[in-house]
Structures are given as structure tokens and as C-alpha cells.
Protein chains: 2
Amino acid sequence: MRQPATIKDVASLAGCGVGTASRVLNKSGPTSNDMKKRVLMAVEELRFEFSEVGRSLQSSKTLTIGCVVPSVANPVYADAVQGAQETFQSAGYQTLLVCTNYDPDIEAQAIRTLIAKQVDGFVLTVGDALSSEGLKSIQRREIPHCLLFNMATDNEKSWSVDDHSAALNVVEAFVEKGHCHLGFLALKFKSSDRARERYQGFVDGCSRYNMPKPALLEIDEDSHALTDLLKEFLNQNPTLTGLFVSNDFLALETIRCARTLGLSVPGDLSIIGFDGIKVGAMVEPTLATIVTDPKGMGSGAARTVLTTIKGEEAPIQPVPELTFSFRAGGSLAFPAAERKGDEKAATLSPPNNLTNKNLKN
Amino acid sequence: MRQPATIKDVASLAGCGVGTASRVLNKSGPTSNDMKKRVLMAVEELRFEFSEVGRSLQSSKTLTIGCVVPSVANPVYADAVQGAQETFQSAGYQTLLVCTNYDPDIEAQAIRTLIAKQVDGFVLTVGDALSSEGLKSIQRREIPHCLLFNMATDNEKSWSVDDHSAALNVVEAFVEKGHCHLGFLALKFKSSDRARERYQGFVDGCSRYNMPKPALLEIDEDSHALTDLLKEFLNQNPTLTGLFVSNDFLALETIRCARTLGLSVPGDLSIIGFDGIKVGAMVEPTLATIVTDPKGMGSGAARTVLTTIKGEEAPIQPVPELTFSFRAGGSLAFPAAERKGDEKAATLSPPNNLTNKNLKN
DNA sequence: TCTCCCAGTGGAAACGTTTCCACTTTTTTT
DNA sequence: AAAAAAAGTGGAAACGTTTCCACTGGGAGA
């Protein structure tokens with residue numbers, strides 16, 4: 001028991017050749033009933049289990065997939081990993097998980113290691129799909145893979161939210177409620193092509209509705225200083241009534257900070273988040289947000305990889321428009337000035353004569 | 001490039017034997033500077049990378065750890081996995097992740113597969129540490145491993161929250177605020193030894209303070225029917241003023257349901273959660289809860305496995321008392337009847353003459 | 001000058017599989 | 001009854017690596 005039994009042990013205990021033992025256990029060739037019985041008994045006796053390592057060496061398949069994401073502490077990625085893992089699991093593949101912490105060096109290093117481990121495929125979220133060294137290695141070796149939450153390019157499949165369209169939707173939601181000066185609050189703006197895409201969509205949306213270019217508040221960490229930063233930001237943008245926050249946690253935090261500043265949400269400031277985490281619907285006010293389906297995305301990317309491995313060249317493509325939906329919530333409403341006054345101001349072409357009020361310094 | 005280069009290719013391009021090439025690349029023996037140069041050039045030229053599969057077969061080490069948890073959709077496990085993964089990563093190990101969805105069959109099957117893949121160790125949360133088939137296999141083969149969030153037994157190391165003590169703490173927190181009839185709301189009570197342990201601690205705590213045995217409300221899923229169940233539960237326990245909820249998400253959901261029923265939290269019902277998720281501190285009222293450190297637990301379990309692998313028999317043991325802490329929050333307060341009336345009732349030996357009020361049917 | 005030692009090297013064996021080929025025995029076909 | 005086909009079997013080769021052993025030279029010590 002100390003040393004696990006090998007197929008040779010099984011063969012010699014069953015009194016047959018290794019080839020025969022292999023054929024019995026894999027049902028990969030003709031075998032007599034007698035032999036079957038003897039081999040199976042030997043397996044039982046020795047508690048034999050195949051070594052996948054030996055198998056992999058011979059078949060050059062590992063039944064293992066590399067899954068590279070920034071961090072599973074972020075529930076969006078956690079859900080995606082969950083979806084991918086489940087899908088791979090039911091297809092008989094195991095998932096080798098690496099978290100990069102948004103660090104391109106760790107990302108590159110991790111991918112090298114996974115390649116050395118001969119994974120059969122990859123599902124990965126890279127920092128920047130165009131420059132990622134790791135992604136290039138994967139492409140060069142033609143290892144089946146699918147991006148997740150990265151922008152698709154000409155030659156890359158990707159399951160991801162259509163950030164640009166989603167941001168447009170957010171603008172529309174604000175406009176419907178009569179907002180005409182918006183802001184964008186983002187975390188880790190630099191290191192993520194997704195965040196940039198989202199911002200671009202937001203800018204485009206604002207310009208489409210003849211609004212001023214949205215004010216941008218960029219923060220480094222989930223910083224404790226958010227309250228102060230927010231205060232300064234709002235002072236610099238006194239007419240701003242709506243804020244698009246790049247993820248729901250940050251949005252909840254922002255609501256808390258706004259309260260600390262004596263502002264009411266949505267009375268003084270409307271907020272729309274991004275991701276659609278469950279708690280967003282449990283809190284008061286409920287959070288208006290873009291709902292996405294990270295688990296579905298992870299599962300989809302996994303299916304794409306699986307079909308690529310099988311050589312079936314028709315993976316199910318995500319339809320961009322269905323990658324998200326808008327969820328209304330109490331954090332979005334008509335600006336206070338509107339409510340008291342002319343409801344008609346809440347039209348699609350903003351009157352541009354509204355100003356923000358009572359931002360108590 | 002189609003077929004990755006092997007060390008043989010490197011050797012023949014460098015004009016040396018495979019042994020020499022191996023020695024150069026692993027610095028595992030004497031080599032001349034000339035050879036070093038030639039081998040390194042050949043590696044560059046062929047873009048050679050070691051196959052870990054071949055290596056593993058030879059060394060019977062895979063530098064891979066199996067990590068088995070119920071689900072990473074649950075942020076507690078996600079954080080734990082994150083911690084474990086980081087720790088393993090920096091020690092040069094990769095993490096093979098499996099989610100069991102709380103299903104003992106999947107658990108057993110997954111562990112078998114991981115054993116076949118020859119993982120060097122395991123970090124795992126099993127449904128029931130005493131009966132888990134998978135755990136038995138691991139023990140039988142003497143594979144280094146450490147439990148996570150399971151109760152430690154005589155011969156098993158485990159990093160986990162001291163659920164029993166934590167539940168006692170919760171009772172004390174309620175008692176300090178003058179509550180004298182408590183309830184316990186749990187999810188998946190059956191399949192988890194942790195939940196049972198927590199309940200036991202709660203029961204013990206109540207009896208210690210001469211309170212009636214706590215009422216138990218057990219639900220199957222994150223059920224939509226919670227509002228109705230809660231209503232019925234509170235009707236059946238009219239004197240109940242404090243509810244201990246087995247996780248923070250469920251606690252937030254419970255607060256929402258209570259509101260739907262026209263009850264105020266904490267006015268009519270005080271609530272204490274479990275886990276200490278971040279949003280708990282962002283919402284209104286903030287959630288009183290037991291704060292735990294899942295990431296630290298995951299990392300700790302990983303360190304235990306690593307030291308076991310190295311044969312160092314002195315893994316850092318978690319100190320039970322430091323596995324959790326109580327965080328005060330707005331969801332816990334003096335019962336409404338108390339507030340209006342006699343503050344002195346809030347003592348350690350409850351007067352037993354208090355009754356619950358205004359539970360509007 | 002003769003040993004002896006050691007740096008440097010090549011190559012075979014081993015790790016645990018599967019697959020292929022060759023061989024024997026049985027069954028089917030004529 | 002003979003020939004052909006099929007079923008059943010054993011064993012070697014291959015997968016990519018490391019490690020061990022054996023062999024060469026050359027330099028140091030006698």
C-alpha cells in the first residue's frame with residue numbers, strides 16, 4: 001500500500017501481460033471473460049488506480065484545463081470560475097486555477113507553467129489581450145483556448161460582456177430619468193481593457209445625447225479615502241446628478257460615502273452600478289445596475305474550449321446584446337430639482353438649463 | 001513548432017547527450033562553459049520548455065495540489081481558495097480546483113480523480129469529515145493534506161472557525177443587549193458538520209444563560225418562501241427577539257423579509273449573522289456578525305500541507321479563540337420593549353417575564 | 001614518470017501507460 | 001476437412017524526463 005500498484009503489478013497478479021490488463025481496464029480490445037475476471041480481482045486486491053501521469057505521457061493529453069483569472073476574491077470571477085469548472089468537470093476535465101492579482105508578470109509566468117504542465121486548453125482573463133505575453137505563447141503553440149471578459153479580436157474567441165453597449169444603456173437609463181450631467185467612477189482603470197471600453201461607451205452615450213463629456217473619477221484601491229475624493233469630485237462638478245460606478249461593491253460603498261457627506265441617494269445623487277451582484281437587490285435603496293451572468297460566461301468559454309479541443313469548429317457564440325441587462329433600482333431616480341419642478345424636463349433631449357443644488361459642502 | 005521540442009532535440013542540436021543537456025538546464029551536475037552556452041542557445045532556438053509530465057513520471061512529484069470545496073460561488077470558500085492558491089503559487093505549486101456542490105458523490109469521485117492525477121497534497125472541505133469516502137482514500141494513501149472548515153479530529157489537522165465558541169459569543173452578544181428568547185436560522189443544516197456545531201454552541205450558550213432552548217428554523221434553499229416561513233416562525237415564537245442567522249447573505253435577506261412583514265430591524269427583531277462579508281458593513285443598518293478570515297484559513301491550510309510535504313512535522317496551528325471575532329452592527333440592539341421600559345432588564349440573568357409585542361400577523 | 005582523482009561527458013534504465021505487432025488458439029466459412 | 005477469419009494474448013516500443021554508471025582526459029601529487 002505504501003507504493004501504489006501499477007498495471008504491471010495487476011498483470012502479474014492476474015497472470016497475464018500488461019497489454020491484456022490494459023485492454024480489460026480500458027475495454028480497448030478483445031478479452032476473454034476469464035481474463036476480465038482475474039484482472040478485475042487483481043485490481044480490487046491491489047486497490048489499483050491508473051496513474052494519469054503515465055497516461056498523459058503516452059497520450060499527450062492531460063484532461064486538464066488552465067484557468068487564469070485576476071482573483072477569485074472578486075465574485076464576478078469566482079462565479080465565472082464556478083461555471084467553467086462545472087462545465088469542464090462534466091466533460092471529464094479538471095481545472096488548474098491561477099489568480100494573477102492583475103499582475104502581468106505573474107500572468108505570464110503562470111501561463112508558462114501551465115503550458116509546461118501540458119494543459120489541454122485555457123480559459124483566461126488577461127490584463128490586456130493585445131499585449132499579453134502569455135496569450136502570445138498560447139497562440140504560438142496553438143493550444144485551444146478562449147478568452148473571458150476580454151474584448152474579442154479578429155482571431156480570438158471571447159466570452160465577455162459587451163461593455164460598450166452596456167455603458168450606452170446606462171446613459172439611456174440616466175437620460176430617461178432626466179439626468180443631464182453624468183460622472184464615471186472607476187477602479188483599476190489603467191490595467192483593464194474592459195474598464196476602458198466601458199468608459200468609452202459611456203462617453204459615446206453622453207455625446208449622443210448632447211451631454212457634456214462625463215466627469216471621470218479614478219481611484220486606485222478600494223480606498224478609505226473615497227469619501228474625501230467623492231466630496232472633492234462633486235464640488236468640482238456641481239451640476240452632476242448621476243454617477244456610473246464600475247462595480248456594484250464600489251457602488252454600495254459610494255452610496256455609503258454619499259450618506260456620510262449628507263447627501264441622499266437617489267435624491268441628490270443617482271447611482272448605477274455594474275455586475276448585478278445579489279446583495280444589490282437586498283439593500284435599501286436597491287441598486288440600479290447592469291446585470292451580467294458571469295457564471296454563464298465562464299461556462300460558455302469552457303464550452304468553446306471543449307469544442308475547439310474536439311476539433312468541432314462551431315462553438316456557440318455569445319450574442320453581444322444578450323450579455324447583460326439593465327436592472328432598475330431605488331438608487332436611480334429623477335434628480336431632486338426635477339421632482340419638485342417640471343416633470344417634462346425628463347425627456348431624451350436634455351434642456352441643459354438644469355443645475356445641481358444643495359451639494360452641501 | 002507544431003510539435004514542441006524535447007530535451008533530445010535540444011541535445012542533438014547542441015551536439016551533446018541528453019544527460020548533459022539535463023544537467024545544464026537543472027544545474028544538477030558539472031558542465032563546461034562551452035556546453036552551457038551551446039545548450040542554452042539550442043533552447044532559445046527551439047523555444048524548448050520542459051514537459052512537466054515527463055518530469056512528474058520520473059520524480060513522482062507533480063507540484064500540484066488538489067483543492068476541494070463545495071462552491072466558489074460562496075465568497076467564504078472563494079476567499080479561502082484565493083488564500084490557498086496564493087500560498088501554493090508562491091511555493092511553486094499549482095492548484096487543481098474542484099467544486100462539489102455539497103454532493104458527497106461528486107466529492108468522492110473528484111478526490112479519486114485527483115489521486116489518479118497524483119497530486120502532491122490536498123486542501124479540502126468535505127461534507128462530513130467522519131464519513132467521507134474521499135478523505136478515507138487520502139488517509140489510506142498517506143497523501144499530505146489538511147482540512148478546511150471541517151472539525152479537527154484526533155488524527156486530522158484542520159483550519160477552521162471554532163463554530164462552537166463563536167456561537168457562544170453570539171449568545172453573549174444577545175444577552176448583553178437584554179434578549180432572552182433567541183432563534184437560529186440555518187441553511188443546509190443536514191449536510192454540514194459546521195452548521196451542526198454552530199447550532200450546538202448556540203444551544204449550549206442559551207442553556208448557560210438559563211434561556212429557553214432556541215427555536216430552530218431550517219430552510220432548504222435560499223428559498224423565495226423565506227418571507228412566509230419567517231412569518232410563521234415568528235408567530236409560533238411570539239416572545240422571540242433575537243435571531244442568529246447562519247450566514248451573512250441569508251441574514252441580509254432575512255432583514256429584507258422582516259421589513260416586508262412590517263417589522264423593524266433591530267426594533268422588533270435583532271439579527272446577528274455569520275462570516276463577516278464586506279457588504280455587511282456597507283448596508284443600513286450595518287450587520288452585526290461574527291467576522292471570520294477565510295482567506296487566512298485557506299492560506300493556513302495550504303501552509304500546513306506544504307510543511308507536511310516537506311516532512312517538517314511542525315505546522316503552525318490555528319488558535320481556536322482567534323479564528324473569529326464579533327463585529328457590532330446596527331442590526332443588533334435592545335429589544336423595543338426594553339428600550340421603552342426598564343434598561344436594567346438587560347442583565348446576564350434574564351428576568352423571563354418579557355414578551356414580544358407587535359408581531360403583526 | 002607513474003598514479004590517482006575529478007571535471008566533464010554520453011547513454012542506458014526507469015518511471016506507468018497505451019498501442020502496435022506477432023503469435024496462438026478458436027471459430028467460421030467453403 | 002482444409003482454409004480463412006476472428007478472438008485472444010504477450011511483449012516491445014514509445015512518450016519526456018532524471019539519474020546512475022561508465023568512460024575519457026588532464027592536472028596534481030608522489
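These numbers were taken from a predicted model, which means no experiment stands behind them. Residue numbering restarts at 1 for every chain, and letters A, B, ... go by the order of the sequence lines. Every heavy atom of this structure was used, including side-chain atoms; hydrogens, water molecules and symmetry mates were not.
- Residue pairs satisfying the ring pair (Phe, Tyr, Trp, His ring centres under 6.0 Å) criterion with at least one member in residues 5-30 of chain A, sequence neighbours excluded, are absent.
- Looking at B:Thr87 and B:Ser299, their side chains do bring a donor and an acceptor atom within 3.5 Å of each other.
- Residues from residues 109-119 of chain A placing a heavy atom under 4.0 Å of any atom in DNA chain D do not occur.
- Under a 4.0 Å N-O distance rule, the pair A:Glu312/A:Arg303 does not qualify as a salt bridge.
- Counting only distance, with no hydrogens or angles, the side chain of A:Asp163 and the backbone of A:Glu197 share no donor-acceptor pair below 3.5 Å.
- Residues passing the salt bridge (charged side-chain N to carboxylate O under 4.0 Å, His left out) test with A:Arg194: none are found, sequence neighbours excluded.
- Rounded to 10 degrees, the angle separating the terminal axes of the helix from C:dT1-D:dA30 to C:dT30-D:dA1 is 40°, with each axis obtained from five end pairs.
- Using modelled atom types, one finds a donor on one side chain and an acceptor on the other under 3.5 Å when comparing B:His145 with B:Glu156.
- A:Arg55 is linked by a salt bridge (charged side-chain N to carboxylate O under 4.0 Å, His left out) to A:Glu52, counting only residues two or more places apart in sequence or in another chain.
- Crowding of A:Lys136 atom NZ: a count of heavy atoms from other residues, nucleotides or ligands under 6.0 Å exceeding 12.
- A donor-acceptor contact shorter than 3.5 Å links the side chain of B:Thr308 to the backbone of B:Thr304.
- The side chain to side chain contact (heavy atoms under 4.5 Å, CB included) test applied to B:Lys61 returns B:Ser59, B:Asp120, not counting sequence neighbours.
- Within a heavy-atom distance below 4.0 Å of DNA chain C, the residues of residues 49-62 of chain A found are A:Glu49, A:Phe50, A:Ser51, A:Gly54, A:Arg55, A:Leu57, A:Gln58.
- Of the residues in residues 13-22 of chain B, those lying under 4.0 Å from DNA chain D by heavy-atom distance are B:Gly19, B:Ser22.
- For the residue pair B:Thr31 and B:Lys36, a side-chain donor N or O sits within less than 3.5 Å of a side-chain acceptor on the partner.
- Bounding nucleotides for the chain A contact on DNA chain C, 5' to 3', at a heavy-atom distance below 4.0 Å, are C:dG16 to C:dC20.
- Residues satisfying the side chain to side chain contact (heavy atoms under 4.5 Å, CB included) criterion with A:Gln109, sequence neighbours excluded, are A:Arg112, A:Thr113.
- Among residues at least two apart or in separate chains, salt bridge (charged side-chain N to carboxylate O under 4.0 Å, His left out) pairs with a member in residues 80-94 of chain B are B:Glu86-B:Lys295.
- For A:Ser132 and A:Asp128, the side-chain atoms include no donor-acceptor pair closer than 3.5 Å.
- Residues passing the ring-ring contact (aromatic ring centres under 6.0 Å, His included) test with B:Tyr77, sequence neighbours excluded: B:Phe149.
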